[in-house]
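Throughout, a chain's letter reflects where its sequence line sits, starting with A, and its residues are numbered from 1.
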Amino acid sequence: MRLIVTEKDSAARKIADILGGKVTVKEHGRGRQKVRSYHFGYKDDDAVAIGLRGHVMETVFPNTYRRWSLKYLGDMIETPDLAWVVDGGAAGTLAALRSVAKGATEVVIATDYDREGELIGHEALEILRGDALKRHPHDKPEKKKKAGAAVRGKAAAAPPAEPPADDGDPRVKAMLPAAAVDRHIRVRYSALTREEVEAAFAKPSTVDFNLAEAAHSRQDIDLIWGAVLTRFMSLAAYRYGADYLSVGRVQSPTLRLVVDRELERRAFVPVPYWEIKATLTRGDDIVEVAHAKGRFDSLEAMETAFARAQADTAEVTAYKAEPRKVAPPAPFNTTALMSAASGGGVSPARAMRAAESLYLNGLISYPRTDNTVYPPSLDLRGSLEALAGWRPVATTAARLAKQGRYTPTRGKKRTTDHPPIYPVGVPKKELSGDQARVYDLVVRRFLATLLPAAVIEGQRVDIRIGHEPFLARGSRVASPGFLEVYEKFAAKRDRPLPALRPGDVLQVRDLHSESKETQPPSRYGQGPLIEKMEELGLGTKATRADIIQHLYDRNYVRDNPIEPTELGVALITAFDAAMKQAPVDISSWQMTAKLDDQMDRISEGELRRDEVVAESQDMLEQAWKLLDGHVADIRERIKGGVREDLTLGECKNCGGQVRVLRGKTGKRFAACVGKEGEEPKPAAEGERARRGCGQTFPLPQRGTITPTGKTCGECGWPEIKVVGAGGRGRPWVLCVDIDCPSKEKYRARTKKRDA
DNA sequence: GCAAGGTC
């Protein structure tokens, strides 16, 4: 019997469908832990395909390091004593694997065709062979659990097939004879099409253990760095428990991008400039023109030109129209889809969730991919024929389906992991919310990649007013091409000028100058940030949206476009201050670039995992020593940052600071805490001495509260902005004064509704 | 209570 192990259930099912005639599905376990296996006949033998759920092993520290203490950090760096063990959450999967592996004579590793897929394949072999550790070898065996005891987490649902008793052997019991595992076969496919899967099985190979080691080194380094620096920062700043300060190879450089941009904005000095604009008419035609020079750097130069442009009429001196081709966009990979969705108001984290549901419902292909080139094996026509049944794009899809050949666009990234994201089905019921938006986007992008370029006529008219040159630009869609379905930019591209010819005369309706200032660089939106991360190699297709979400959850950033909190700024600037003498790349993206380079060398057999991890430990040791010499500074910066994040503005009564505090029940409220350095007032009997004038206000209990820096026009108390978690929803601006007259209308409305 | 990477 052949045992085929894939990385996910959908791949196991698809492979069974392609290779087998009749497929029998068996279910193992219950509820969320349910695992399916697919049984079929293949080449005169039985076969079973089963999907793991991603990684089934993980890197862990021994329990001796469980306690958070600064005195362990040196040991954690120098002798991390990491072990590679079975992931506790994978118990259900492994029980199912054990049950279907029984009697297998051949093992086929069919995990994803990328670096992590290779490691997952290696994990499966370790477990099947009985080499995998159940727990860290230096940890004591866990005590037997009482039968029927309620245990939280995934492990609880493990069926009894995996013996719960610890017989002292730290290894998982072998599922197959070593010989059968050793002569395993590795198949590699980049799309789950008949053509590719059959070709993969016809050209078997073996697991690339060097490539798997490369991924394994990343796990080790990420854990050591993450654990040591997270503990150091948290302990340095006295932020324990739920408020810990996380640090990581990917999250910290990502935070740095946001913080650096904010610091640039703060350092920005605006430069004034002027523009001259005019409105011209001819009958019903209106033309808005601007001085041909664009920006005037000096007021004098602008005024001179303005004086020379005094006239009642304007004359067209030239008119040019040039067609240019606008190429259709490349197929969607994860980043491009996230970015496009973000532009349409769906955050990357939400878009990813919606895409996941669409994929599980058979509407789009696998949503985690780097690829932007359709593999030739893809059934483009099949998708088009299906889309011909989806009303919003039916005519375009039907027309394309009849076409003989396709020359789809190609992006720069061509990878082996999965095909680009494209529609594979049509919804039976109408979709709603994020899913509707993401599906619509995927469908339109797909059709766009198969449609011809758009032809846009760019227009420019030169006009003289008085003695000065002016101009206006316009554009006209000459041939819509892909814009037929991908109209995102079409509106902007169809702003034609009226028909004008040299010598035409127009009336000057208005001539005015505008005084402006150069603008600081703008904050990152979630879409552009995810693109920047991809460009720098930070995170992966599957993790970038989560990493950004994590920065929100840790209160390092807020709002959208993304703004760092003072805590986020303090964390990054504290690092930098400590690293001044001897910079170590601990919070920069170059650290990842270097790791990538070393992983490539491991996969080529030039370096070993332990060498790369050892080098990384040396680097961390240097960084830690520098940080350790700056504990007090780091503490002060972070405390200051947090205090600033909680300070809403000035108290109208006494000029003190209004700050967010938490009550005994955990509810937050705003209170005047007095001026900086103010002495606490003598306390009444049985009460604590307090600073400030005693003024308090209730606050909304949900969302992130940020001061706007302004005061309310009606009541004079500080104004705040409340934004949902993760930058979701529309920000709500209000003043802290609950009795402010500006709230009358709102209150009247809600009262009526509640009544 | 730590990371990032898979997947649900």
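- For the residue pair A:Arg188/A:Ser205, the side-chain donor-acceptor check at 3.5 Å is satisfied.
- Between A:Tyr359 and A:Tyr366, the angle of the ring planes goes over 60°, which puts this pair in the perpendicular group of the 30/60° scheme.
- One interatomic measurement links the two molecules: CZ of A:Arg32 to P of B:dT7, which rounds to 17 Å at whole-angstrom precision.
- Remark: A:Lys8 NZ is packed, more than 12 non-hydrogen atoms of other residues, nucleotides or ligands lying under 6.0 Å away.
- Listed for the A:Arg635 side chain is a donor-acceptor partner under 3.5 Å among the backbone atoms of A:Ala236.
- No side-chain N or O of A:Thr565 forms a donor-acceptor pair with one of A:Asn555 less than 3.5 Å apart.
- Set against B:dG6, B:dA4, B:dC8, the side chain of A:Asp222 has B:dA4 as its closest nucleotide.
- The phosphate of B:dA4 (OP1 or OP2) has no side-chain N or O of A:Thr543 nearer than 4.0 angstrom.
- A:Tyr366 has a side-chain polar atom (N or O) that falls below the 4.0 Å cut-off from OP1 or OP2 of B:dT7.
- Taking atom CZ of A:Arg353 as the reference point, atom P of B:dC8 lies 16 Å away to the nearest angstrom.
- Rounded to a whole Å, the CZ atom of A:Phe61 is 14 Å from the P atom of B:dA4.
- Within 4.0 Å of A:Gly248, counting heavy atoms only, lie sugar-phosphate atoms of the nucleic acid but no base atom.
- Ion pair A:Lys532/A:Glu535 flagged as a salt bridge, since at least one NZ, NE, NH1 or NH2 atom sits closer than 4.0 Å to an Asp/Glu carboxylate oxygen.
- Side-chain N/O atoms of A:Arg368 include one lying less than 4.0 angstrom from OP1 or OP2 on B:dT7.
- Distance alone, capped at 3.5 Å, is enough to place a donor-acceptor pair between the A:Ser365 side chain and the A:Tyr422 backbone.
- Nearest-nucleotide positions on DNA chain B for A:Gln251 and A:Trp68 put A:Trp68 closer to the 5' end.
- Residue A:Ser246 has its side chain nearest to B:dA3 when only B:dC8, B:dA3, B:dG5 are considered.
- Looking at heavy-atom distances under 4.0 Å, A:Gln219 makes contact with a base.
- Contact check, A:Arg239 against B:dG1: no side-chain N or O comes under 4.0 Å of OP1 or OP2.
- Where A:Thr540 and A:Arg231 each meet DNA chain B at their nearest nucleotide, the meeting point lying more 5' is that of A:Arg231.
- Checked against B:dC8, B:dT7, B:dA4, the side chain of A:Arg218 finds its nearest nucleotide in B:dA4.
- Of the residues in residues 592-603 of chain A, none has a non-hydrogen atom less than 4.0 angstrom from any atom of DNA chain B.
- Distances from the side chain of A:Glu7 to the nucleotides B:dA3, B:dG6, B:dA4 place B:dG6 closest.
- A:Asp112 comes within contact range of the sugar-phosphate backbone alone, with a heavy-atom separation under 4.0 Å but no base atom that close.
- Candidate nucleotides B:dG6, B:dG5, B:dC8 were compared by shortest atom distance to the side chain of A:Ile120, and B:dG6 ranks first.
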